[in-house]
Amino acid sequence: MQVVLQDPFASLSPRLTVGQIVGEGLALHQPDLSVMQRDERVLAMLDEVGLSARHGVHDVLQRYPHEFSGGQRQRIAIARAVVLEPEVLVLDEPTSALDASVQQQVLALLSELQQRHGLSYVFISHDLAVIRAMAHRVLVMKDGLIVEQGETEALFAAPTQAYTQELIAAAHLA
């Protein structure tokens, strides 16, 4: 299991290069990999999240998080998590700090990675439109308790709990 947090700027060490950030978990969890093997995996993962050689990926390895846009930093955070080949990825508001167009790009990337790697996501969000687009099943929580759960489209079409009904109405998704 790996996690991708809401604010990639805060979750990426400003003292490490992108190459070090993405490769750090590999060095810890797969110490048998040679430096060359680790670097190859890091480069492949960065390419997979859209920071490819066509965009100067070798230069990317030596740059620091503050030198990237918010969307690029989130791609780096995603690469850091997925490079370890987890079965489950916990995504805590992964697009909330991004503008709408970049948000769509990151959601498309997450969908592609889910299919390609057979990942399961625990997607935490207040954005019901994002939840509706990304989730197969939904748990609605209030004050730390689950108040309703079900298949996404069924839950959005016919919520049974007043709280869920209010959320959907407020989001204009009914």
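Every heavy atom of this structure was used, including side-chain atoms; hydrogens, water molecules and symmetry mates were not.
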Answer whether the closest heavy-atom distance between the side chains of [X] and [Y] falls below 4.5 Å.
X: Pro65; Y: Ile21; value: yes
X: Glu67; Y: Val60; value: no
X: Gln103; Y: Leu107; value: yes
X: Tyr64; Y: Thr17; value: yes
X: Gln74; Y: Val4; value: yes
X: Leu61; Y: Leu46; value: yes
X: Gln105; Y: Arg75; value: yes

Requested in this report: Any chance you could lay out the side chain to side chain contact (heavy atoms under 4.5 Å, CB included) test for Lys142 and Gln161, step after step, and finish with the verdict?
Outcome: CA-CA 11 Å; Lys142 180 181 181 193; Gln161 299 298 309; over 6 Å; no

Report task. Using the side chain to side chain contact (heavy atoms under 4.5 Å, CB included) rule, take Ser13 and Glu24 through it: C-alpha gap first, then chi angles, then the decisive distance, then the call. Result -> CA-CA 11 Å; Ser13 173; Glu24 184 176 37; over 6 Å; no

For [X] and [Y], work out which heavy atoms get closest and say how close.
X: Thr164; Y: Glu148; result: OG1-OE1, 2.8 Å
X: Ala81; Y: Leu89; result: CB-CD1, 3.5 Å
X: Pro86; Y: Val82; result: CD-O, 3.7 Å
X: Leu128; Y: Leu167; result: CD1-O, 3.4 Å
X: Arg73; Y: Leu12; result: O-CD1, 3.6 Å
X: Ser69; Y: Gln72; result: N-OE1, 3.0 Å

Report task. Could you give me the CA-CA distance, side-chain angles and deciding distance for His117 and Glu85, then say whether side chain to side chain donor-acceptor pair (under 3.5 Å) is met? Result -> CA-CA 8 Å; His117 294 277; Glu85 301 175 347; over 6 Å; no

Requested in this report: Take Leu113 and Met45, measure what side chain to side chain contact (heavy atoms under 4.5 Å, CB included) needs, and give me the verdict at the end.
Outcome: CA-CA 10 Å; Leu113 291 171; Met45 192 72 250; 4.2 Å; yes

Report task. Please round to the nearest 0.5 Å and tell me the distance separating atom CG of Asp32 and atom CZ of Arg38. Result -> 11.5 Å

Report summary line: Value for NE2 (His136) from CZ (Phe123), rounded to nearest 0.5 Å, stands at 12.5 Å

Query raised in the report: Val138, Met141: one ILVMFWY side-chain cluster at the under-4.5 Å cut-off?
Result: no

Report task. Determine, stepwise, if the pair Arg132 / Glu153 fulfils side chain to side chain contact (heavy atoms under 4.5 Å, CB included). Result -> CA-CA 7 Å; Arg132 192 173 200 175; Glu153 285 310 313; 3.1 Å; yes

Query raised in the report: Per the side chain to side chain contact (heavy atoms under 4.5 Å, CB included) rule, which among Val49, Leu91, Ile78 passes with Val106?
Result: Ile78

Report summary line: Joining Ile, Leu, Val, Met, Phe, Trp and Tyr whenever any side-chain heavy atoms lie under 4.5 Å apart, the cluster holding Ile124 also takes in Met1, Val3, Leu5, Val88, Val90, Val122

Report task. Please check if atom CZ in Arg15 has more than 12 non-hydrogen atoms from other residues, nucleotides or ligands closer than 6.0 Å. Result -> no

Requested in this report: For the pair Gln6 (side chain) and Ala97 (backbone), establish whether a donor and an acceptor sit closer than 3.5 Å, ignoring hydrogens and angles.
Outcome: no

Query - Test item: Tyr163 side-chain N/O and Val140 main-chain N/O as donor-acceptor pair under 3.5 Å - result: no

Query raised in the report: Of all residues at least two apart in sequence or in a different chain, which pass the side-chain contact (heavy atoms from CB on, under 4.5 Å) check with Gln30?
Result: Leu26, Leu33, Arg41

Report task. May I ask you to check whether Ser125 and Asp127 show a side-chain donor-acceptor distance below 3.5 Å? Result -> no

